[in-house]
Amino acid sequence: MDYKRLAELLFPNVTQTPADMESLYPARQLPEGAKVTRFAPSPTGFVHFGGLFPTTVAERLAHQSGGVLYLRIEDTDARREVAGAAEGLIKTLSRYGIDFDEGAILDESGKVSDKGIYGPYKQSLRGPVYHVYAKQLVSEGKAYPCFTEAAELEEILSVNKKEEIKNTDWQAEAEARRAEMLKAREITMDEVEKNIAAGNPFVLRILADGDSERKIKFTDLVKGAMEIPENDEDFVLLKSDGIPTYHFAHAVDDHLMGTTHVIRGEEWLPSLAKHLQLFRYLGFKTPKYLHIAQIMRLDENGNKKKLSKRDMGANMDDYTEMGYCPEAVCEYVMTLLNSNYEEWRMQNPEKSYKEFPFNIKKMSVSGCLFDFAKLEDVSKNVISKMDADKVTDAVTAWALEFDAPFGKLLSENRDMAKAIFSIGRGGKKPRKDLATWRDAKPYMGFFFDEYYEVESPYPDKFPKEDIKSVLTEFLATYEPADDMTVWFDKIKSIAEKNGYTTDMKAYKASPESFKGNVADVSMFLRLAVTGKVNSPDMYSVMQILGKEKVEARILTMIEKL
RNA sequence: GGCCCGUUGGUCAAGCGGCUAAGACACCGCCCUUUCACGGCGGUAACGGGAGUUCGAUUCUCCCACGGGUCACCA
């Protein structure tokens with residue numbers, strides 16, 4: 001077979017050579033140790049948690065080393081492409097602290113456009129580049145055309161599928177595939193010429209030189225040393241529309257774009273041998289690989305499953321709606337990513353997670369279960385460290401989008417809202433009431449008459465007269481100008497007067513010898529003023545609520561009793 | 001089914017040949033406290049199984065079991 005001629009036949013319009021490509025894509029001039037990483041999504045939907053995870057690694061590794069993080073859009077499957085997905089991906093990632101230095105990123109007008117000299121960064125626009133290398137491989141006898149149509153091939157293979165038991169006969173299929181492959185390899189120049197003349201489409205297959213009985217030693221930066229079988233499968237390089245498959249595009253692009261570290265999910269491990277083979281065929285230096293363990297979820301049988309789209313907690317946009325702040329999600333991601341992160345955080349409570357010395361060696365090799373309880377805890381800590389202004393703004397912004405009436409109230413009463421969110425904030429032991437912005441309304445909605453509602457009646461064990469008497473006497477002596485001590489002293493004396501002790505120790509020792517204690521009396525007031533049995537510090541609540549509202553609510557309660 | 005990866009408490013995990021096997025979350029109890037939220041103290045709870053190497057294995061090797069991933073002209 002005259003490979004040169006074959007190459008000309010298949011790619012008559014390709015005039016450039018790999019050497020031309022090399023000069024078009026010069027090696028990056030970066031300091032020693034700088035890592036070049038990338039996020040390479042197919043624009044088929046939204047960012048999900050399982051995607052944010054490795055992308056955070058890519059971002060940290062690049063920026064921590066003074067390197068480059070770029071975005072390449074892998075839109076090689078037009079059928080699956082979703083309009084506007086790329087924009088959405090970029091915006092979402094940006095919320096989670098992932099901003100790109102280069103690639104198909106958003107310009108001022110919000111449109112996806114290229115930044116950087118290694119473009120185009122959309123694979124659908126890179127056809128000519130791939131074809132240069134395709135032609136090269138053909139001319140070296142490392143790839144060949146296959147004119148068997150997809151449907152035809154599928155028919156051949158599906159004969160061997162036992163549909164009725166919904167179980168693939170793997171061995172039969174593999175044998176059939178192998179036979180087809182061997183047959184395809186035998187194609188003659190005559191056949192090629194005929195097909196080309198007839199305008200028949202073809203796929204370009206690699207001519208695999210591997211033997212699956214032989215193993216390649218390989219070291220993954222996360223997984224460590226491993227042995228994988230060589231690739232002996234003539235996988236497709238170019239689809240019949242001339243667009244490359246992932247495998248081919250990966251090799252060509254990551255080489256040309258100067259990627260030093262390929263970071264991807266471990267589901268890619270099984271096709272690694274293909275990639276290694278391809279890099280070798282093309283004469284490219286292989287990048288370092290980090291195959292990241294998958295995030296898992298529990299299925300209905302209690303088994304772990306890879307967290308995928310549509311799973312609860314998958315779509316990052318859902319986190320926005322649930323009211324999780326990006327900082328908290330990043331924090332949680334970091335705790336999962338590096339086992340020593342939490343320790344570092346305890347020693348550096350105020351620093352940005354980006355100051356954490358991220359270390360590949362501290363990454364887990366096995367997939368972890370997504371844990372909402374942990375996220376909640378992390379989130380409470382993150383929010384407890386924010387100042388009142390930030391919390392107020394964030395809650396308001398969230399509410400404006402997802403609970404408009406509440407949002408309107410908050411923005412119209414910003415000072416009050418800020419005062420509310422200031423309660424117990426700052427200091428060594430801040431309150432941790434909020435895990436999400438959504439938690440705000442149940443926590444403090446009662447400040448607004450619109451959401452004030454008495455959640456439960458007084459317990460039957462307390463006589464109505466006592467409650468009425470406490471409320472009445474409180475009203476008689478209430479003076480907003482009182483400081484907290486004076487205020488509470490008044491409550492204490494009302495308690496004593498009604499036979500409710502202020503001596504908590506004595507009460508605990510023998511509860512039966514008292515009608516109740518000052519905590520009960522406080523509860524009488526709390527339920528009237530807040531409508532709830534639990535609330536933040538009641539003195540602060542009353543201060544913010546103001547004399548008028550406090551009195552009105554208590555009065556209404558007295559009437560209802 | 002083949003291949004690859006993995007397996008320390010309910011979850012995330014330290015450990016890297018000798019430890020009473022860390023810590024965090026969750027859970028439970030106590031303390032603090034006018035409720036709650038914090039905070040403090042304490043508690044329940046783990047090396048998948050079997051061989052081997054070794055004076056000694058959670059740590060090294062092998063086998064098994066289990067879990068996961070993957071076997072496209074999808075990425």
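On a predicted model such as this, the values are computed, not experimentally measured, just so you know.
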Nearest heavy atoms of A:Asn517 and A:Tyr500, plus distance in Å: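 For A:Asn517 versus A:Tyr500, the nearest heavy atoms are N-CD2, 3.7 Å.
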
Pair A:Tyr246 and A:Phe235, ring centroids less than 6.0 Å apart: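 No: the rings miss the under 6.0 Å criterion.
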
Pairing partner (Watson-Crick or G-U wobble, both distances under 3.5 angstrom) of [N]:
N	value
B:U58	none
B:C47	none
B:C19	none
B:G67	B:C5
B:A14	none
B:G29	B:C41
B:C74	none

Round to the nearest Å and state the distance from [X] atom [atom1] to [N] atom [atom2].
X	N	atom1	atom2	result
A:Phe372	B:C27	CZ	C1'	20 Å
A:Ile228	B:G6	CD1	P	13 Å
A:Phe474	B:U34	CZ	P	16 Å
A:Tyr341	B:C25	OH	C1'	16 Å
A:Asp371	B:C25	CG	C1'	7 Å
A:Lys380	B:C36	NZ	C1'	11 Å
A:Lys429	B:C32	NZ	P	13 Å
A:Lys385	B:A37	NZ	C1'	17 Å

What nucleic acid atoms does [X] come within less than 4.0 Å of, heavy atoms only: base, sugar-phosphate, or nothing?
X	value
A:Ser522	base
A:Lys362	sugar-phosphate
A:Lys508	base
A:Tyr443	nothing
A:Ser535	base
A:Asp537	base

Suppose you measure atom [atom1] in [N] against the same atom in [M]; what distance do you get, rounded to whole Å?
N	M	atom1	answer
B:G67	B:C73	P	30 Å
B:C12	B:A26	C1'	11 Å
B:G9	B:G43	C1'	14 Å
B:C47	B:G18	C1'	16 Å
B:U58	B:U8	P	15 Å
B:C30	B:U44	C1'	15 Å
B:U59	B:U7	C1'	14 Å
B:G15	B:U20	C1'	15 Å

A:Arg214 and A:Ile216, any side-chain heavy atoms less than 4.5 Å apart: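 When only atoms from C-beta onward are counted, A:Arg214 and A:Ile216 do not touch, as no gap falls below 4.5 Å.
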
Within-4.5 Å side-chain heavy-atom neighbours: A:Phe279 and A:His250: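 Sidechains of A:His250 and A:Phe279: in contact.
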
Ion pair check, A:Asp254 and A:Arg72, cut-off under 4.0 Å: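 The answer is yes: the pair qualifies as a salt bridge.
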
A:Glu479 bridged to A:Lys490 by N-O distance under 4.0 Å: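 Salt bridge flag = no for A:Lys490 with A:Glu479.
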
Minimum-distance nucleotide to A:Arg431 side chain [options: B:C25, B:A37, B:U35]: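 Between B:C25, B:A37, B:U35, the one nearest the side chain of A:Arg431 would be B:A37.
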
Atom NZ of A:Lys497: over 12 foreign heavy atoms under 6.0 Å: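 For A:Lys497, atom NZ is not crowded (no more than 12 foreign heavy atoms under 6.0 Å).
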
State, without any angle test, whether [X] and [Y] hold a side-chain donor-acceptor pair at a distance under 3.5 Å.
X	Y	result
A:Ser469	A:Glu473	yes
A:Arg526	A:Ser535	yes
A:Thr148	A:Lys183	no

A:Ser364 side-chain N/O to B:A13 phosphate OP1/OP2 under 4.0 Å: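 Affirmative; the distance criterion is met.
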
Distance below 4.0 Å between A:Lys432 side-chain N/O and B:C25 OP1 or OP2: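 For B:C25, OP1/OP2 do not have a side-chain N/O of A:Lys432 under 4.0 Å.
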
Closest-nucleotide ordering on RNA chain B, the 5'-leading residue of A:Lys223 and A:Trp487: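 Nearest nucleotide further toward 5': that of A:Lys223.
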
Most 5' of A:Gln171 and A:Val533 on RNA chain B, judged by nearest nucleotide: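 Its nearest nucleotide being more 5', the pick is A:Gln171.
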
Base versus backbone protein contacts along nucleotides 62-75 of chain B [heavy-atom cut-off under 4.0 Å; B, S, -]: ------SBSBSBBB

